[in-house]
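Structure first, commentary second.
Heavy-atom basis, side chains included; hydrogens, waters and symmetry copies ignored. The first residue in the sequence is number 1, and the count goes up from there.
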Amino acid sequence: MISNSFVWVTYGLLKHAPSVLYSNLVGVTLGCYYFFMFTNYCGPMQNNLPGTVLQHLRGTSIIVLLNLFLTCFVSKDTASELIGKEGVAFCIILFGSPLVALKHVIMTKSADSIPLPFTVACFFNCAAWSVVGLWIMTDFNIYFPNLMGLSCAIAQLALKAVYGSSSKAKEDLPK
């Protein structure tokens, strides 16, 4: 969350796009808070992440330093285009990652593995940014990943509608 939001903060600065800049400053701030809370309560060797806390710190540091380097040492137009494409890649990975469960959902005929709150949030977020990107900013780096994210969210909502929750999952709920 920190890395993705930082990329978009940098892009918003380079493109003079306050809506991109300020909304993602909130993301950087919340991401730092979440990361601090996680490390404070779970410890540095927590194993429920893909990687360790130190690996996440290193990865985030590399992304931040790369973007600062581009911003300082490459022309503004080139830097904004490269950073914009980096943001597109992050968004596609973020919004498409729940579709990894697609095969499992179809095989089990249960959409339990699709996180409904995240999917609904992605649907509304991507719909809003698609409108902003297409009709207000006319910026490919804004509308393209959000149209892709909107498509992924619609696919996930359709899977939820078709397959719902399994009866086993309903039986496992506390009474």
May I ask whether [X] and [Y] are part of the same hydrophobic cluster, defined by side-chain heavy atoms of I, L, V, M, F, W, Y residues being less than 4.5 angstrom apart, directly or through others?
X: L57; Y: V28; value: no
X: M148; Y: I154; value: no
X: M137; Y: V7; value: yes
X: V26; Y: V132; value: no
X: M107; Y: Y163; value: no

Note to self: Applying side chain to side chain contact (heavy atoms under 4.5 Å, CB included) to W135 and S130, what does each step give before you reach the verdict?
What the structure shows: CA-CA 8 Å; W135 288 292; S130 295; over 6 Å; no
Would you confirm whether [X], through its side chain, and [Y], through its main-chain N or O, come within 3.5 Å as a donor-acceptor pair?
X: T39; Y: F36; value: yes
X: N24; Y: V20; value: yes
X: S5; Y: I2; value: no
X: T119; Y: P115; value: yes
X: N146; Y: I142; value: yes
X: T138; Y: L134; value: no
X: K160; Y: L116; value: no

Next item on the list: Evaluate the side chain to side chain contact (heavy atoms under 4.5 Å, CB included) criterion for residues S3 and V64: first the C-alpha distance (whole Å), next the side-chain angles of each, then the deciding distance (0.1 Å), finally the verdict.
Entry: CA-CA 7 Å; S3 300; V64 167; 5.9 Å; no
Once rounded to the nearest 0.5 Å, what's the spacing between atom [atom1] of [X] and atom [atom2] of [Y]?
X: L25; Y: W8; atom1: CG; atom2: CH2; answer: 14.5 Å
X: I83; Y: K15; atom1: CD1; atom2: NZ; answer: 11.0 Å
X: E86; Y: N4; atom1: CD; atom2: CG; answer: 9.0 Å
X: S61; Y: H56; atom1: OG; atom2: NE2; answer: 12.5 Å
X: K85; Y: F144; atom1: NZ; atom2: CZ; answer: 9.5 Å
X: M1; Y: T29; atom1: CE; atom2: OG1; answer: 9.0 Å

Notebook entry, point to check: How about Y41 and F38: are their ring centroids closer than 6.0 Å?
Noted result: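 They do not qualify: ring centres at least 6.0 Å apart.
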Checklist line | Donor-acceptor pair between T71 and T10 side chains, under 3.5 angstrom | finding: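 Short answer, no.
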Item checked: Modelled atom types, side-chain donor and acceptor of S75 and D77, under 3.5 Å ->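 The answer is no; no qualifying pair exists.
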Notebook entry, point to check: Do the ring planes of F69 and F73 sit parallel (below 30°), tilted (30 to 60°) or perpendicular (above 60°)?
Noted result: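 Plane angle between 30° and 60°, so tilted.
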Notebook entry, point to check: Do L94 and F118 come within less than 4.5 Å of each other through their side chains, counting heavy atoms only?
Noted result: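 In short, these two side chains touch, coming nearer than 4.5 Å.
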Next item on the list: Taking the side chain as every heavy atom from C-beta outward, state whether S110 and V105 have any atom pair closer than 4.5 Å.
Entry: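 No; the side chains remain at least 4.5 Å from each other.
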Note to self: Are there over 12 heavy-atom neighbours, none belonging to Y33, within less than 6.0 Å of that residue's OH?
What the structure shows: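 No, not enclosed.
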Next item on the list: Apply the test side chain to side chain contact (heavy atoms under 4.5 Å, CB included) to residues F35 and V53: give CA-CA distance (whole Å), side-chain angles for both, the deciding distance (0.1 Å), then the verdict.
Entry: CA-CA 9 Å; F35 187 77; V53 171; 3.5 Å; yes
Check: Could you walk me through whether L150 and N125 pass the side chain to side chain contact (heavy atoms under 4.5 Å, CB included) check?
Finding: CA-CA 8 Å; L150 182 60; N125 180 60; over 6 Å; no
Checklist line | Residue pair F95 / C152: nearest heavy atoms and the distance that separates them | finding: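 Reported closest heavy-atom pair: O-CB, 3.6 Å.
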Checklist line | Closest contact, heavy atoms only, C91 versus P145 | finding: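 Closest approach of C91 to P145: CB-CB, 3.5 Å.
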